Amino acid sequence: MKKNLATSSLLILLLALAGGQAMAQTEANAVANWGPPTYGTPVDHYILELSTDEGDWVQVASTSSTQQDLTLAEGHTYRIRVAGVDAAGHQGPYGLPSPSYAPEDLTSGPGKPGTPYLTGK
């Protein structure tokens with residue numbers, strides 16, 4: 001009997017914009033994060049798939065890490081899903097897809113700065 005691998009249904013995309021001088025951009029850096037399976041054989045690596053604008057799933061990465069850097073274009077929405085693969089090459093089921101994520105409009109000026117604070121000298 002073949003054991004299935006489970007992947008975490010919690011998938012988080014975090015926008016990680018590079019700092020520095022403001023320049024016109026049409027792409028944003030993002031990080032996909034997920035948790036390891038809670039049962040099944042040990043994971044050797046993960047398969048990451050991306051859906052753009054609710055389209056077909058396309059494999060974008062194979063990684064042994066539980067996170068992956070992505071470059072996403074503004075003006076589109078994205079979802080990711082992940083499946084684990086064990087050392088024997090058995091792929092488990094895909095976890096639940098992430099919620100939709102859309103990079104902010106990067107051509108309309110800088111985003112909101114972090115909350116300022118004061119300290120004594």
Side-chain angles (χ1 to χ4, degrees):
M1 183 161 102
K2 187 159 97 173
K3 289 185 179 179
N4 288 329
L5 299 176
T7 56
S8 172
S9 62
L10 176 62
L11 299 172
I12 303 169
L13 287 177
L14 300 172
L15 182 61
L17 293 176
Q21 187 176 16
M23 296 169 48
Q25 297 180 5
T26 58
E27 294 182 332
N29 295 323
V31 179
N33 295 283
W34 59 90
T38 56
Y39 65 90
T41 56
V43 172
D44 177 70
H45 64 278
Y46 297 94
I47 302 296
L48 178 73
E49 290 189 343
L50 182 73
S51 171
T52 304
D53 298 327
E54 299 296 325
D56 292 337
W57 292 101
V58 176
Q59 183 176 331
V60 294
S62 175
T63 180
S64 59
S65 175
T66 55
Q67 71 177 38
Q68 179 67 38
D69 293 336
L70 300 169
T71 300
L72 306 174
E74 78 171 62
H76 298 280
T77 59
Y78 299 92
R79 292 174 44 176
I80 58 168
R81 68 181 185 177
V82 180
V85 179
D86 67 15
H90 300 119
Q91 179 177 319
Y94 283 95
L96 295 174
S98 69
S100 292
Y101 172 78
E104 294 181 23
D105 180 358
L106 301 172
T107 60
S108 63
K112 180 173 55 173
T115 305
Y117 60 93
L118 298 170
T119 60
K121 274 186 152 181

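Small disclaimer: the values here were computed from a predicted structure and weren't measured. When reading the values below, keep in mind they use all heavy atoms of this one structure, side chains included, and skip hydrogens, waters and symmetry mates.
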Practice prompt. Heavy atoms only: give me the nearest Ser65-Tyr46 pair and the separation to one decimal.
Written response: O-CD1, 3.3 Å
Worksheet item: Should His90 and Thr41 count as side-chain neighbours, where that means a heavy-atom distance under 4.5 Å?
Response: no
Worksheet item: Going by the salt bridge (Lys or Arg N to Asp or Glu O under 4.0 Å) test, which pairs reach into residues 33-47, not counting sequence neighbours?
Response: none
Worksheet item: Side chains of Tyr101 and Ile80: closer than 4.5 Å at any heavy-atom pair?
Response: no
Fill in: Partners meeting side chain to side chain contact (heavy atoms under 4.5 Å, CB included) with Ser64 (sequence neighbours left out)
none
Discussion item. Donor-acceptor check, side chain of Tyr78 to backbone of Pro103, threshold 3.5 angstrom: yes or no?
Written reply: no
What pairs of donor and acceptor atoms, side-chain ones from residues 49-57 against any protein atom, are under 3.5 angstrom apart with sequence neighbours left out?
{"unit_1": "Glu49", "atom_1": "OE1", "unit_2": "Arg81", "atom_2": "NE", "d": "2.7"}
{"unit_1": "Glu49", "atom_1": "OE1", "unit_2": "Arg81", "atom_2": "NH2", "d": "2.7"}
{"unit_1": "Glu49", "atom_1": "OE2", "unit_2": "Tyr94", "atom_2": "OH", "d": "2.9"}
{"unit_1": "Ser51", "atom_1": "OG", "unit_2": "Gly55", "atom_2": "N", "d": "3.3"}
{"unit_1": "Ser51", "atom_1": "OG", "unit_2": "Gly55", "atom_2": "O", "d": "2.7"}
{"unit_1": "Asp53", "atom_1": "OD1", "unit_2": "Thr77", "atom_2": "N", "d": "2.9"}
{"unit_1": "Asp53", "atom_1": "OD2", "unit_2": "His76", "atom_2": "ND1", "d": "2.6"}
{"unit_1": "Glu54", "atom_1": "OE1", "unit_2": "Arg79", "atom_2": "NH1", "d": "3.3"}
{"unit_1": "Glu54", "atom_1": "OE2", "unit_2": "Ser100", "atom_2": "OG", "d": "3.4"}

Item to complete: Report the residue from Val85, Thr63, Asp86 that forms a side-chain contact (heavy atoms from CB on, under 4.5 Å) with His45.
Response: Val85
